[in-house]
Amino acid sequence: MSKTIGIVTGGGDCPGLNAVIRSVAKAAAKRGWEAIGIIGGYQGLLPPQNTRPLQYHDLDGLINRGGTILGTANRGQFSAKTGHGEVRQLPRELLEATRRGMEQLGIEALVSVGGDGSLTIAQQMHEHGIPIVGVPKTIDNDLAGTHVTFGFDSAVACATDALDRLRTTAESHNRAMVLEVMGRYAGWIAIYAGVAGGADVILIPEIPFSYESVCAQIAAREQAGKRFTLVVAAEGAFERGGGFVTAAAQQENREARLGGIGARVATEIEKRTGKETRSVVLGHLQRGGSPTNMDRALCTIFGAKAIELIAQGKLGRMVSHTGGGIDSVPLAAATAGLRTVSLEGSFVQTARDLGICLGD
Ligand code: F6P
């Protein structure tokens, strides 16, 4: 039976969103269904609706194109996470207006491509009776219920490349270089890129650090004749006994903006060791540009799976990577809590085995 489905991208952009849009629309077309893109996040479902058709000829060149052709939003009335990840319940009237908006557009099921915030909204919509499925997107890789999210591999590739570049200048100048990476309250980008890029110190939110430990690593390296040190600091890393470092004052109904820990660590290293130290904030470079091959493939698989879930009537679920295959989990389970770096996991273990300082 023919169906009309909607696709919406929400939260921060990330490499691979367009590849998911392409895959969803193609898999829908294969079944003879119509796909409609919602412009500017969930807001596009409300009158005056803002949408665009996603027909076969609209999908060329999307597999490797960065950003999202639909636009996205991580602010405004559709905000389900505020401050340091506190859940906000959307007003009933807003959910009802969204349901009616979808009905007016003739959309029978919505594919929400998003991270923790957008999928928390999706869960609230599901509870309100809106037919919806989720696709796990975020460079942070912090969604529960899936082994990996798309966008993460592209962000790690960017951060690893940055470390390679910082290494040559650190070596040439005998400096310590601190790279601050994104990831919010999870250290996935930092620990993957740190291990892949051969960092000497990796600071993640899951392990509060001490400057004594960081400086001892630098001193030990100097002792061994290594005159440079590469440090990766997740934006959510914090000193033992301290708190998160934020880049801006808290805004109403928005998540806290983390940032500044890299500069702080660099200043402290220089003060305590006398070693010339510089810091770099990698920032939104991690979210821009084309997805990696791994992400393109993952997005294509995730998009097709979302359409399969709708066809099977498995609504209120998120596509998930099990580690060995592709499955789905209830949206409620995916948004119940963040998936952070396990202290018993292989990355932390490997870092310790290699003598990488984790700040503890
Ligand atoms: O969740 C993705 C992410 O890039 C985080 O890593 C980062 O903390 C945040 O979004 C930045 O958000 P914004 O683009 O609003 O500054």
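Counting starts at 1 for both ligands and their atoms, following the listed order. No hydrogens, no waters, no symmetry mates; every other heavy atom, side chains included, goes into these values.
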Next on the checklist: Could you go through R272 and E268, starting from their C-alpha distance and side-chain angles, then the distance that decides it, and tell me whether this counts as salt bridge (charged side-chain N to carboxylate O under 4.0 Å, His left out)?
Outcome noted: CA-CA 6 Å; R272 290 176 184 235; E268 204 62 32; 3.0 Å; yes
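- The closest side-chain donor-acceptor pair between R254 and N74 falls under 3.5 angstrom.
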Item to check | Full working for side-chain hydrogen bond (donor to acceptor under 3.5 Å, both in side chains) between R88 and T82 | outcome: CA-CA 7 Å; R88 169 177 172 261; T82 62; over 6 Å; no
Would you tabulate the polar-atom pairs, meaning N/O of ligand 1 against N/O of the protein, with distances under 3.5 Å, reported to 0.1 Å?
{"unit_1": "ligand 1", "atom_1": "1 (O)", "unit_2": "D140", "atom_2": "OD2", "d": "2.7"}
{"unit_1": "ligand 1", "atom_1": "1 (O)", "unit_2": "R184", "atom_2": "NH2", "d": "3.3"}
{"unit_1": "ligand 1", "atom_1": "4 (O)", "unit_2": "R287", "atom_2": "NH1", "d": "2.8"}
{"unit_1": "ligand 1", "atom_1": "6 (O)", "unit_2": "D140", "atom_2": "OD1", "d": "2.7"}
{"unit_1": "ligand 1", "atom_1": "6 (O)", "unit_2": "G183", "atom_2": "N", "d": "3.1"}
{"unit_1": "ligand 1", "atom_1": "6 (O)", "unit_2": "E235", "atom_2": "OE2", "d": "3.3"}
{"unit_1": "ligand 1", "atom_1": "8 (O)", "unit_2": "E235", "atom_2": "OE1", "d": "3.4"}
{"unit_1": "ligand 1", "atom_1": "8 (O)", "unit_2": "E235", "atom_2": "OE2", "d": "2.6"}
{"unit_1": "ligand 1", "atom_1": "10 (O)", "unit_2": "R184", "atom_2": "NH2", "d": "3.4"}
{"unit_1": "ligand 1", "atom_1": "10 (O)", "unit_2": "R287", "atom_2": "NH1", "d": "3.1"}
{"unit_1": "ligand 1", "atom_1": "14 (O)", "unit_2": "H284", "atom_2": "NE2", "d": "2.8"}
{"unit_1": "ligand 1", "atom_1": "14 (O)", "unit_2": "R287", "atom_2": "NH1", "d": "2.9"}
{"unit_1": "ligand 1", "atom_1": "14 (O)", "unit_2": "R287", "atom_2": "NH2", "d": "3.0"}
{"unit_1": "ligand 1", "atom_1": "15 (O)", "unit_2": "N74", "atom_2": "ND2", "d": "3.0"}
{"unit_1": "ligand 1", "atom_1": "16 (O)", "unit_2": "H284", "atom_2": "NE2", "d": "3.4"}

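- Sorted by first then second residue, the ring pair (Phe, Tyr, Trp, His ring centres under 6.0 Å) pairs that include residues 21-59, not counting sequence neighbours, are Y42-F78.
- At a cut-off of 3.5 Å, with distance as the only test, a side-chain donor of D295 or S154 sits close to an acceptor on the other residue.
- Residues T292 and D153 bring a donor and an acceptor atom of their side chains to less than 3.5 Å of each other.
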